[in-house]
Number of protein chains: 2
Amino acid sequence: MRRKVTLKDISKNMNVSVSTVSKALRDSPEISEKTKNEIQAYAKKYNYRPNNIALSLKNQKTNNIGVIVPEIVHHFFSSVINGVERVAGEHGYNVIVCLSGESFEKEVKNMQMLANGSIDGFIISLSKETQKKQSFDHLEDSISHGLPVVLVDRVADEVDCDKVIIDDEQGAYNAVNYLIKKGAKRVALITMPDYMSVGKLRTLGYKRALKDAGLKVDEAIILKLEDLDGGYDEIKHLIYSNEIDAILASTEFFAVTAMKIARGKGIKVPEELAVIGFTDGIISQCASPTLTTVSQHSQEIGSMATQMIIKRLEGKDDEPYRTEVIKTTLVHRESTL
Amino acid sequence: MRRKVTLKDISKNMNVSVSTVSKALRDSPEISEKTKNEIQAYAKKYNYRPNNIALSLKNQKTNNIGVIVPEIVHHFFSSVINGVERVAGEHGYNVIVCLSGESFEKEVKNMQMLANGSIDGFIISLSKETQKKQSFDHLEDSISHGLPVVLVDRVADEVDCDKVIIDDEQGAYNAVNYLIKKGAKRVALITMPDYMSVGKLRTLGYKRALKDAGLKVDEAIILKLEDLDGGYDEIKHLIYSNEIDAILASTEFFAVTAMKIARGKGIKVPEELAVIGFTDGIISQCASPTLTTVSQHSQEIGSMATQMIIKRLEGKDDEPYRTEVIKTTLVHRESTL
DNA sequence: CTGAAAGCGCTTACAG
DNA sequence: CTGAAAGCGCTTACAG
């Protein structure tokens with residue numbers, strides 16, 4: 001096993017100093033053309049690459065972005081990471097991914113691990129526990145130590161930093177509005193608890209749409225589920241115990257589960273029950289009937305967040321914090337009329 | 001913004017040398033209890049954490065594992081990463097994720113980027129292009145430079161290194177065998193091209209099962225698709241132009257597409273057409289009918305690969321290379337009888 | 001028991 | 001035009 005060649009190796013073999021090698025390879029005007037050419041040729045021949053770790057230590061800059069998300073197996077977050085990866089790569093940054101698994105403790109631990117020099121900044125989507133606890137010291141600490149944070153999707157108003165969110169309130173409003181326009185009178189909502197920023201906002205949008213249409217809000221047909229891919233029994237109860245003609249669901253999974261239960265009861269989708277989900281992932285396309293969804297443009301969320309963190313890392317970090325809102329769009333498929 | 005506190009800061013403030021601080025914090029027996037206590041208390045008070053980058057440079061070890069996969073939005077790879085993340089975290093390693101996007105060039109570029117000191121070893125699933133080109137110099141280089149590689153799922157026989165694969169041949173065999181036992185006579189196969197290791201092996205298992213059952217192999221009902229989530233027209237043609245009573249599909253997506261096309265033609269699944277897919281992801285559970293699949297235990301692939309790379313990093317790296325085979329299991333759902 | 005020195009691989013201000 | 005020195009933040013063999 002040949003170890004990687006270093007400046008020292010080159011300097012020894014060519015009988016010049018390390019500084020000369022370093023400057024020659026960086027094409028410094030201080031060095032004569034002749035020496036530069038020789039050294040560059042040698043470096044090329046032996047495939048010299050500067051050591052990232054040494055550069056990081058010297059420059060106090062790692063060119064790594066730390067990403068902490070609750071999980072990765074569902075379309076939304078993996079797609080966000082996809083967007084992060086792409087933009088990061090284009091700018092010469094690497095992406096270190098950590099999963100909180102919806103746990104506050106793991107989120108904090110991951111942050112601390114990465115904060116000790118491994119990364120230049122964070123892109124974070126808060127765990128459920130963190131949102132429940134409303135405990136954000138770990139974020140504040142990072143920011144005050146000069147490690148900027150961009151919060152995505154699951155954000156906290158309390159934290160002063162850059163954010164990328166979708167227009168959850170308006171997205172839900174538009175979806176419900178569409179359902180009502182198509183004739184729905186009793187629209188149910190299946191979403192996350194209020195302590196989650198997105199759950200709360202979507203509920204608000206849902207209620208506003210009903211009110212604007214002169215329809216009554218019935219808390220009995222608003223279902224708030226903790227488990228993002230569970231809730232079978234609760235959804236079944238919702239559908240079996242209430243007269244409803246449409247559902248807005250906050251995840252693809254809730255929506256598909258609802259459709260399945262409806263079919264089991266002999267209810268026709270979309271004729272008797274129209275369904276709209278959130279997150280335009282593969283599930284929506286694979287479901288039958290295919291699912292109408294509020295697309296969150298999750299890739300774009302990731303790339304926007306990455307642009308923001310890079311701007312803060314490379315540009316003026318004294319600019320005021322921004323909150324970018326990615327517009328949702330309603331993607332029409334078979335589950336609505 | 002307070003910068004992170006360093007050994008130097010502590011040493012200045014406490015009027016001791018940096019070496020003493022370092023030793024005290026590592027609880028060295030060289031240092032008196034009194035000094036240790038004082039220094040440790042101070043460090044705790046000011047929340048001292050050793051700088052990872054400096055440690056990496058000093059120890060020639062980063063505690064980062066580089067993961068390069070073709071993509072991340074589908075269940076299989078995100079689930080593999082999930083497994084990697086978990087085991088890595090348990091052992092104090094971070095995971096740097098790069099996506100090749102099925103491109104040879106990006107795969108090579110990502111490897112080079114990470115190989116310059118950012119990571120201690122690689123976990124890689126080859127891009128389609130790499131498998132097509134049969135060009136593995138980047139892998140050989142890494143290994144010969146002392147950066148071990150564990151190849152997962154999409155592997156290359158030509159490369160001498162640790163590998164984690166599933167029993168693709170046997171998994172396909174079992175699935176087809178099951179279909180035949182349930183009465184199928186004409187089993188179609190929808191899979192990847194032969195240049196992909198998994199495509200080739202599954203085809204072999206499929207054919208072996210047919211032969212063992214005394215059935216003829218008909219190349220007309222073997223469909224090899226390049227685009228992992230496309231192929232609508234080809235699958236339609238397959239179903240419309242042939243008499244078939246079962247399908248084994250190499251991805252969830254192929255399977256669901258087939259079911260959808262079948263339903264469009266008025267063919268009942270599973271009564272008239274039984275369908276089995278590969279990868280037991282969310283799509284399989286959300287499809288209707290729900291999909292019987294060959295579960296690849298993708299999380300386990302990831303955790304096994306991580307254990308192997310860590311063992312090689314921390315243990316004897318002179319052990320012979322191993323290939324671990326993760327057994328698949330057939331998960332029965334509604335798309336088969 | 002404490003500290004000065006060397007070194008991990010690099011860059012850059014400063015001498016010569 | 002070239003090189004010695006200092007330094008990024010740490011560890012550790014060696015002196016005292």
Side-chain angles (χ1 to χ4, degrees), chain A residues 2-40 42-43 46-64 114-120 145-147, chain B residues 2-40 42-43 46-64 114-120 145-147:
Chain A
R2 329 150 249 166
R3 275 227 55 75
K4 293 222 67 171
V5 34
T6 67
L7 291 188
K8 207 180 184 181
D9 299 331
I10 302 183
S11 89
K12 265 188 200 150
N13 284 313
M14 301 197 63
N15 288 312
V16 288
S17 74
V18 169
S19 356
T20 302
V21 178
S22 173
K23 286 173 193 161
L25 292 178
R26 322 197 87 231
D27 212 22
S28 156
E30 280 187 71
I31 309 294
S32 73
E33 285 304 319
K34 181 162 167 293
T35 330
K36 276 202 271 194
N37 290 147
E38 286 169 7
I39 294 180
Q40 284 169 5
Y42 185 97
Y46 289 97
N47 200 27
Y48 169 78
R49 302 261 178 248
N51 179 306
N52 285 337
I53 296 291
L55 286 177
S56 297
L57 186 59
K58 181 70 193 167
N59 302 334
Q60 302 286 75
K61 177 126 177 20
T62 63
N63 274 271
N64 289 157
L114 297 184
N116 300 325
S118 299
I119 52 113
D120 297 330
H145 278 288
L147 284 180
Chain B
R2 330 151 248 167
R3 275 225 56 73
K4 294 218 67 169
V5 36
T6 66
L7 291 188
K8 207 180 183 180
D9 299 332
I10 302 183
S11 91
K12 267 189 198 147
N13 285 313
M14 301 197 63
N15 288 313
V16 287
S17 76
V18 171
S19 357
T20 303
V21 179
S22 174
K23 287 173 191 159
L25 292 179
R26 322 196 88 232
D27 211 22
S28 157
E30 280 187 73
I31 308 295
S32 73
E33 284 303 320
K34 179 162 170 294
T35 328
K36 277 203 272 194
N37 289 150
E38 286 168 9
I39 294 180
Q40 285 169 6
Y42 186 96
Y46 290 97
N47 200 26
Y48 170 79
R49 304 263 176 245
N51 179 306
N52 285 336
I53 296 291
L55 286 177
S56 297
L57 187 59
K58 181 72 192 166
N59 302 336
Q60 302 287 75
K61 178 129 178 10
T62 64
N63 275 274
N64 290 155
L114 297 184
N116 301 324
S118 300
I119 52 114
D120 298 330
H145 280 288
L147 284 180

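Every value quoted in this text rests on a predicted model; they were computed, and no experiment measured them. Residue numbering restarts at 1 for every chain, and letters A, B, ... go by the order of the sequence lines.
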S.K.: I'd like to know if the side chain of A:K4 pairs up with that of A:N47 as donor and acceptor (distance under 3.5 Å, no hydrogens or angles considered).
M.R.: no
S.K.: Under 4.5 Å between any side-chain heavy atoms of B:L57 and B:I53, yes or no?
M.R.: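 A side-chain contact under 4.5 Å is absent here.
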S.K.: Take A:E30 and B:S17, find for each the nucleotide of DNA chain C with the closest heavy atom, and name the residue whose nucleotide sits nearer the 5' end.
M.R.: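 Per heavy-atom nearest nucleotide, the more 5' residue is B:S17.
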S.K.: Do other residues, nucleotides or ligands put more than 12 heavy atoms under 6.0 Å from A:K12 NZ?
M.R.: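 12 or below, so no.
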S.K.: With nearest nucleotides of DNA chain D determined for B:S22 and A:L57 from heavy-atom distances, which residue corresponds to the more 5′ nucleotide?
M.R.: A:L57
S.K.: In whole angstrom, give me the gap between the C1' atoms of C:dA4 and D:dA6.
M.R.: 16 Å
S.K.: Using a 4.0 Å heavy-atom cut-off, does A:V16 contact any base of the nucleic acid, only the sugar-phosphate backbone, or nothing at all?
M.R.: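 Result for A:V16 = sugar-phosphate.
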S.K.: Using 0.5 Å steps for rounding, measure from the CG atom of A:L25 to the CD1 atom of A:I10.
M.R.: 5.5 Å
S.K.: Could you check which nucleotide pairs with C:dG3 in any of the strands shown, counting Watson-Crick or G-U wobble with both distances under 3.5 Å?
M.R.: D:dC14
S.K.: Kindly compute the distance separating OH (B:Y42) from CG (B:D9), expressed to the nearest 0.5 Å.
M.R.: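 Nearest 0.5 Å value for the OH-CG distance: 7.5 Å.
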S.K.: When you compare the side chains of B:S32 and B:T35, does any donor N or O come within less than 3.5 Å of an acceptor on the partner?
M.R.: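 Per modelled atom types, B:S32 and B:T35 side chains form a pair under 3.5 Å.
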S.K.: With nearest nucleotides of DNA chain C determined for A:K8 and B:I31 from heavy-atom distances, which residue corresponds to the more 5′ nucleotide?
M.R.: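 Going by which nucleotide is closer to the 5' end, it is B:I31.
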S.K.: NA contact type, B:T35, heavy-atom cut-off 4.0 Å: base, sugar-phosphate, or nothing?
M.R.: sugar-phosphate
S.K.: So A:S19, base contact, sugar-phosphate only, or nothing? Heavy-atom distance under 4.0 Å.
M.R.: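 A:S19: base contact, heavy atoms under 4.0 Å.
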S.K.: Can you check the distance between D:dT2 and C:dC8, where both ends of the measurement are the C1' atom (answer in whole Å)?
M.R.: 25 Å
S.K.: What are the 5'-most and 3'-most nucleotides of DNA chain C lying under 4.0 Å from any heavy atom of chain B?
M.R.: C:dC1 to C:dG9
